[in-house]
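One structure is given here, and the rest of the page talks about it.
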Amino acid sequence: MVHAYLGLGSNVGDRVAQLEEAIRLLNEADNVTVSQRSSIYETEPVGYVDQPQFLNQCVEVETSLTPHALLEVCQYIEQQLHRVRTIRWGPRTLDVDILLYDDKIIKEDDLTVPHPRMLERSFVLIPLNEIAADVIEPQSQQSIQSFVEADDSVKKFKD
């Protein structure tokens, strides 16, 4: 089994219910089990800022799926929760991103792992650190915790 880490985000509708439903659907998917989940954090939007605040959470899943098959599950769950892609970084009922997939580095047109902006975003690093502090980010060979400790914006996020 592979350990993968997913970032979940929602800022439209019943945000808590959307996150809970995403986790339920992940657990219902064949060959996917949610083994850990972080706390839920309310955060300001990034990129396109004229929208409601997000709720963000990270989960660890154990899976025998390939990275692309896991991506399909994530996109299916987004569709089930009526995700509409109109504005880049815009409002959404649910966003499910593959952050890490074991120690794999994947750079393809439809999938990049580790997630390309993961280390720039406190709303990812804080919940990810909660469940994966000792996990090594494969490109830098540094722990998730080391990024949290080194990032001033993360320190402000936590205060």
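- A distance-only check finds no donor-acceptor pair linking the side chain of Gln57 to the backbone of Pro127 [under 3.5 Å].
- Atoms CG and CE, from Leu128 and Met118 in turn, are 6.0 Å apart once rounded to the nearest 0.5 Å.
- Under 4.0 Å is where a charged nitrogen must lie from a carboxylate oxygen, and between Glu20 and Arg24 no such pair does.
- Partners of Asp134 according to the side chain to side chain donor-acceptor pair (under 3.5 Å) rule, which considers only residues two or more places apart in sequence or in another chain, do not exist here.
- Side chains of Val124 and His115 form no contact here, defined as non-hydrogen atoms less than 4.5 Å apart.
- Grouping the Ile, Leu, Val, Met, Phe, Trp and Tyr side chains by contacts below 4.5 angstrom, directly or via other members, places Tyr76 with Leu111.
- Note that CG of Leu125 and CD of Glu137 are 10.0 Å apart. Values are rounded to the nearest 0.5 Å.
- Within the 4.5 Å cutoff, the side chain of Leu6 has heavy atoms near those of the Leu26 side chain.
- When side chains are defined from C-beta on, His3 does not count as touching Val61, because their heavy atoms never get closer than 4.5 Å.
- Ile136 and Met1 fall into different hydrophobic clusters, where Ile, Leu, Val, Met, Phe, Trp and Tyr side chains are chained together by heavy-atom contacts under 4.5 Å.
- In this structure, CD1 on Ile23 lies 3.5 Å from CZ on Arg37, to the nearest 0.5 angstrom.
- Here Asp97 contributes atom CG and Leu100 contributes atom CG; the two are 11.5 Å apart, rounded to the nearest 0.5 Å.
- Under the 3.5 Å distance criterion, the side-chain polar atoms of Arg15 are matched with a main-chain donor or acceptor of Gln53.
- Applying the side chain to side chain donor-acceptor pair (under 3.5 Å) rule to Gln36 yields the partners Glu60; only residues at least two apart in sequence or on another chain are considered.
- In this structure a side-chain-to-backbone donor-acceptor pair under 3.5 Å is missing from Thr63 to Val2.
- If you take CG on Leu94 and CG on Leu19, they are separated by 6.5 Å, rounding to the nearest 0.5 Å.
- Shown here for Gly9 and Asn56, the closest heavy-atom pair between the two residues is CA-ND2, 3.7 Å.
- At least one donor-acceptor pair closer than 3.5 Å links the side chain of Asn11 to the backbone N or O of Pro52.
- The distance from atom CG of Leu71 to atom OH of Tyr101, rounded to the nearest 0.5 Å, is 11.5 Å.
- Closest non-hydrogen pair, Pro138 versus Lys104, comes out as CG-O, 3.7 Å.
- Nearest approach of Pro67 to Ile98, heavy atoms of both residues: O-CD1, 3.8 Å.
- Residues satisfying the side chain to side chain donor-acceptor pair (under 3.5 Å) test with Ser39, not counting sequence neighbours, are Glu130.
- A pairwise comparison of heavy atoms in Cys58 and Gly7 identifies SG-CA, 4.2 Å as the closest pair.
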Asn31 and Val73: side chain to side chain contact (heavy atoms under 4.5 Å, CB included), yes or no, with the steps? CA-CA 10 Å; Asn31 303 307; Val73 167; over 6 Å; no

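- A donor-acceptor pair is defined here as one N or O able to donate and one able to accept, closer than 3.5 Å; such a pair exists between the side chain of Ser10 and the backbone of Thr93.
- Without hydrogens or angle criteria, Glu108 side chain to Asp110 main chain gives no donor-acceptor distance under 3.5 Å.
- When side chains are defined from C-beta on, Ile131 counts as touching Tyr5, because their heavy atoms get closer than 4.5 Å.
- Although no hydrogens or angles enter the test, the distance criterion places no donor-acceptor pair under 3.5 Å between the side chain of Asp95 and the main chain of Leu8.
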